[in-house]
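What follows is a set of notes on a single structure, which appears directly below.
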There are 2 protein chains.
Amino acid sequence: MSKPACYSVKAFATPAAAAPLAAAVIERRQPLATDVQIAIRYCGVCHSDLHFARNEWGFTHYPAVPGHEIVGTVTAVGAGVKKFKVGDTVGVGCLVDSCRACPSCRAGLEQYCDQGLTGGTYGGWDKHLNAPTLGGYSQEIVVTEDFVLRMPANLDLAAAAPLLCAGITTYSPLRHWKVGPGHKVGVVGLGGLGHMAVKFARAFGAHVVLFTTTPGKAADAQRLGAHEVVVSKDEKQMAAHAGSFDFILDAVSAQHDLNACLNLLKRDGNLTLVGAPEKPLPVAAFPLLLRRRSLSGSLIGGLPETQEMLDFCGQHGITSDIELIRMDQINEAYERMLRSDVKYRFVIDMKTL
Amino acid sequence: MSKPACYSVKAFATPAAAAPLAAAVIERRQPLATDVQIAIRYCGVCHSDLHFARNEWGFTHYPAVPGHEIVGTVTAVGAGVKKFKVGDTVGVGCLVDSCRACPSCRAGLEQYCDQGLTGGTYGGWDKHLNAPTLGGYSQEIVVTEDFVLRMPANLDLAAAAPLLCAGITTYSPLRHWKVGPGHKVGVVGLGGLGHMAVKFARAFGAHVVLFTTTPGKAADAQRLGAHEVVVSKDEKQMAAHAGSFDFILDAVSAQHDLNACLNLLKRDGNLTLVGAPEKPLPVAAFPLLLRRRSLSGSLIGGLPETQEMLDFCGQHGITSDIELIRMDQINEAYERMLRSDVKYRFVIDMKTL
């Protein structure tokens, strides 16, 4: 396969793990037959952008362009594209391709592709350019149509951008574990992921309890949909809820006490991690043994479910609570994100690039 | 409730955490209306007997009488007993009572009783004598009939004793996770629990792979029913099996690398712990996130499932591989158990007491 023709676009890139992000020029391929070319209007800022930019997971190629909560407008389509036309409002999330042949891909669970997922960031590999994929902190992106999503027309587009990662990452496990009316559901951590989990769990009809280390977040959690708020450092409050949860979504990516959370589950209850703390978390056997509890992980979501989630958000008017920033505020935004000083997602207005 | 009449029986007890077991005399209640009095013929020796005797879990009352793999003959029954008569061959496992009212008890999952399980050892509390329960290293035991099991007539009784704990502990999670034909199932550790897990997983029709740190156990594992044996310290062998298992039963109660085991699972695969290592095990988020894997625990089994397991063993001729010992060899047996020098369960011949 020869390298396709390319063109240059402006972007913000990290040249090295310890360097700040700065303006750069990158190459995109001219749309191939099944490609959709998208002018990016907004791009969400995920905590994992920071992990990735700083090579905290160890697989970053430099220069790296983060950004996988991408919304924009179709500017061109390849000759074979059937689902999109110029002018459509579309989204692109973490996935930009997959093997499409393994059992997970055939099941629409491309995030669990046996060949490894092909991320638009996250150290993904562009098979056309034979180069690392480059993400959404850029003017344009070119993506094969099967990995492009249709955005609901009624949502504020900037506030909808985080649905492509924070949204699907929390929607998918809540659906997989069949959260619904009659369930008592915990959400641990009120950040970009957690605040979406609260909105979804509430929309699915569950009784929602938000666990936070920050008492000051209580009012906001209730505004977002939580029925109750528990300060997780308060052993009395934690004990009062022991053994009472059907499901807990743990959205904390810092080190934290998982055993205290596991003890909140009923028999056969499940706690699913969607954050990825840097170091392994100590898990005691007894909280798992004593009530046949389980601890799982969940990673974003496949394309069919991501479209389902976007449609659900359109129907229920669900978006992320965001703070819109300029591209040149990104390094400051990372520092604020590290201090959890964001309610609840930064989104870059890409016309400021 | 006044304390019922009691009588004395011989036993082997631990007077303190650091002391060896020694002959003692203990009290049993005279059978109440729904009680079954059992002359104990054999009692299995579980690794948790040792944890319990030495107070390694921190809740042992002294003097402590371990032993919860009890088989024997009914010698008397209370006036209200309907299911058993004098002369019946019966078993008693870890459970000797429960609240009988909570959702778990009503579902026949008495091991997950909301009030906490009432163990015949394990720091259980005898509500009749208002004293710690005393286990099976004794001549006789008196148990309410709902917690007494019927032993299949065709099984060697000494070899059947470990079914009451090692058997049900491995049978229950294999059933709960629906292990059967077409499944690739791993068993980690070939000890008292592991060797039963291999037998059951094979009997359920799965493809069984035994993971061990001891290459010398391969031939024995195959004799017991394993189709394949993997030396878990061999990274190449482990890598060859990565992402291929539907279910893994982890029967290791020592510290070990759980993440290496989790990486063996397919998407949506489950690893269930049945051993209880003393210290928390470090669990990395990525092995869970990347294929939506889950890590669970499972604790023995309820009364209906324990009877089902015994009946299954009767139908399929399944018992434990045992080494019969005299009561006065128990302290030596504990030392050998700590060195994993037992194939695969010690069983005490109680007529030697």
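Naming: A, B, ... by sequence-line order, numbering from 1 per chain.
Between A:T60 and A:N55, the side chains place a donor N or O and an acceptor N or O closer than 3.5 Å (distance only, hydrogens not considered). Between A:K184 and A:S244, the side chains place a donor N or O and an acceptor N or O closer than 3.5 Å (distance only, hydrogens not considered).
Only the side chain of A:A107 comes within contact range of chain B, with heavy atoms under 4.5 Å apart. At a 4.5 Å heavy-atom cutoff, the contact between A:L109 and chain B is made by side-chain atoms alone.
Interface summary for chain A: among B:L299, B:L117, B:L295, B:I300, the most heavy-atom pairs under 4.5 angstrom belong to B:L295. For the options A:S298, A:G116, A:P103, heavy-atom pairs under 4.5 Å to chain B are most numerous at A:S298.
In this structure, A:R345 pairs ionically with A:E69, as a charged nitrogen and a carboxylate oxygen lie closer than 4.0 Å.
Going from atom SG of A:C261 over to atom NE2 of A:H256 covers 5.0 Å, rounded to the nearest 0.5 Å. Between the CD atom in A:E308 and the CG atom in A:L149 there is a gap of 12.0 Å [rounded to 0.5 Å]. Separating the CG atom in A:L264 from the CZ atom in A:F245 is a distance of 6.0 Å, to the nearest 0.5 Å.
With respect to B:F200, the ring-ring contact (aromatic ring centres under 6.0 Å, His included) criterion is satisfied by exactly one of B:F247, B:Y171, B:W177: B:Y171.
Contacts between residues 266-281 of chain A and chain B, defined by a heavy-atom separation under 4.5 Å, are made by A:R267, A:D268, A:L273, A:V274, A:G275, A:A276, A:P277, A:P280, A:L281. By a heavy-atom distance cut of under 4.5 Å, A:F286, A:L288, A:L289, A:L290, A:R291, A:R292, A:R293 are the residues of residues 286-293 of chain A near chain B, going up by number.
Put simply, the side chain of A:V185 does not reach to within 4.5 Å of the side chain of A:H207, judged on heavy atoms.
Scanning all heavy atoms of the two residues, the minimum distance from B:F147 to B:L303 falls at CD2-CD2, 3.4 Å.
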